[in-house]
Amino acid sequence: MRIVVLVKSVPDTNGDRKLELETGLTDRAASDAVLDEISERAVEAALTLAAREADSTVELLSIAQEEAQSVIRKGLAMGADTATQIVDPALTGADTNLTAEVLAAALKRKEFDVIIAGNQSTDGSGGVIPSMLAELLDLPALTELTTVDFESGALKATRATESGTYELRADLPAIISVTESFPDGRFPNFKGIMAAKKKPFEVLSLADLGVNAEDFSVPHVIMTAVSERPPREAGVKIVDEGDAAAQLADFLVKNRLA
């Protein structure tokens, strides 16, 4: 079983997050970079599935700046076999359309049975990449999953919603996205950390993939303006002098809240 896991380096959620007002991009120097928590869960799901199937391999795939290589290697330390990182200055601030196009181009170079991704990253929170890849690669997509397993050459999974639990099935190859219902990623031990330094790690550019980031015949989202959030203003204070109810009602009507 050949499994590819999409992973992402993101600013540490425990640190400060700021936008560069000139570019509209996240200031990644303002916080330490870490492997996204949902990516860790995706890697854990892949390793669990691989353990159930003989001769399985787990490969990591990421778009990230060059310095993120050490972050991606955490997935190798957890137990993944190989990694591919796509590095190119033209991908700085890439929107979901370009991101999906680049990932699809990289995946077309590989043989795989399952692609596993998190349902959404903690920085962009787009939540659309798995479905976009399914469209570009013509694959069945099982998204927002709470469980997944192999069954007779196919995937069976569950998705929990407010209206009930769905039982899903897809023939291979397929792409899935996992949610926070999946277990936390395992903690890499010393042996895994040392082994990760020697595992195959491929670095590709857009030229290697034949993708032109400046091809605007494909729709792209472009940031036109960004500004700091205005400071919070003081709220309306109602002093009860026997007419508090009337003041409150007037406030609700005036602000179209009633």
Side-chain angles (χ1 to χ4, degrees), residues 1-17 26 28-87 91 99 103 106-107 110-125 129-130 133 145-150 155 157 175-204:
M1 186 65 60
R2 297 158 297 189
I3 305 173
V4 177
V5 187
L6 307 183
V7 298
K8 191 174 185 182
S9 170
V10 299
D12 192 342
T13 54
N14 293 319
D16 293 330
R17 294 189 178 192
T26 302
R28 296 186 178 271
S31 179
D32 293 333
V34 297
L35 191 63
D36 201 350
E37 180 185 344
I38 198 65
S39 292
E40 292 186 12
R41 294 178 190 269
V43 174
E44 182 64 32
L47 295 174
T48 301
L49 289 173
R52 299 172 185 169
E53 297 287 324
D55 301 321
S56 292
T57 60
V58 175
E59 178 176 355
L60 310 179
L61 175 61
S62 181
I63 297 175
Q65 296 177 335
E66 185 175 358
E67 55 268 26
Q69 185 174 131
S70 60
V71 175
I72 298 170
R73 283 194 183 275
K74 180 178 181 180
L76 295 177
M78 291 171 63
D81 301 290
T82 63
T84 299
Q85 180 182 358
I86 304 166
V87 180
L91 290 172
T99 299
L103 290 173
L107 288 164
K110 305 178 182 298
E111 295 183 353
F112 58 83
D113 298 294
V114 184
I115 302 169
I116 302 180
N119 60 334
Q120 63 179 24
S121 64
T122 56
D123 56 352
S125 301
I129 293 297
L133 285 175
L145 302 183
T146 52
T147 66
V148 66
D149 205 348
F150 291 122
L155 287 174
I175 182 168
I176 67 172
S177 70
V178 302
T179 65
E180 292 183 351
S181 297
F182 277 73
D184 291 334
R186 64 192 65 182
F187 190 80
N189 56 31
F190 179 76
K191 181 179 179 180
I193 294 172
M194 297 305 295
K197 298 178 180 180
K198 300 179 181 179
K199 290 182 178 179
F201 198 111
E202 182 182 26
V203 178
L204 300 175

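Since this is a predicted model, take the numbers as computed values, not measurements.
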Checklist line | Electrostatic pair Glu40-Lys74, nearest N-O below 4.0 angstrom | finding: yes

Note to self: Which heavy atom of Ser121 sits nearest to which heavy atom of Ile38, and what is that distance?
What the structure shows: CA-CG2, 4.5 Å

Next item on the list: Taking all heavy atoms of Leu6 and all of Ala117, pick out the closest pair and write down the distance.
Entry: CD1-CB, 3.9 Å

Margin query: Tell me whether Ser9 contacts the main-chain N or O of Ala64 through its side chain, where contact means a donor paired with an acceptor under 3.5 Å.
Written below: no

Check: Of the options Thr57, Val114, Val58, which is the one that meets Met1 in a side-chain contact (heavy atoms from CB on, under 4.5 Å)?
Finding: Val114

Next item on the list: Report yes or no: does Lys8 contribute a side-chain atom to a donor-acceptor pair with the main-chain N or O of Leu35 at less than 3.5 Å?
Entry: no

Notebook entry, point to check: Can you tell me if Arg73 uses its side chain to pair, donor with acceptor, with the backbone of Ala196 under 3.5 Å?
Noted result: yes

Item checked: Heavy-atom donor-acceptor pair, Arg41 side chain to Glu180 backbone, under 3.5 Å -> yes

Margin query: Looking at Glu202, is its backbone amide N or carbonyl O close enough to the side chain of Thr84 to form a donor-acceptor pair, meaning the two atoms are under 3.5 Å apart?
Written below: no

Notebook entry, point to check: Under 3.5 Å, is there a donor-acceptor pair between the side chain of Glu44 and the main chain of Arg186?
Noted result: yes

Next item on the list: Compare every heavy atom of Gly118 with every heavy atom of Ala42, then report the nearest pair and how far apart it is.
Entry: CB-N, 4.2 Å

Next item on the list: Kindly give the heavy-atom pair with the smallest separation between Leu91 and Ile86, and that separation in Å.
Entry: CD1-CG2, 3.8 Å

Notebook entry, point to check: Taking atom CG of Asn189 and atom CE of Met194, what is their separation to the nearest 0.5 Å?
Noted result: 11.5 Å

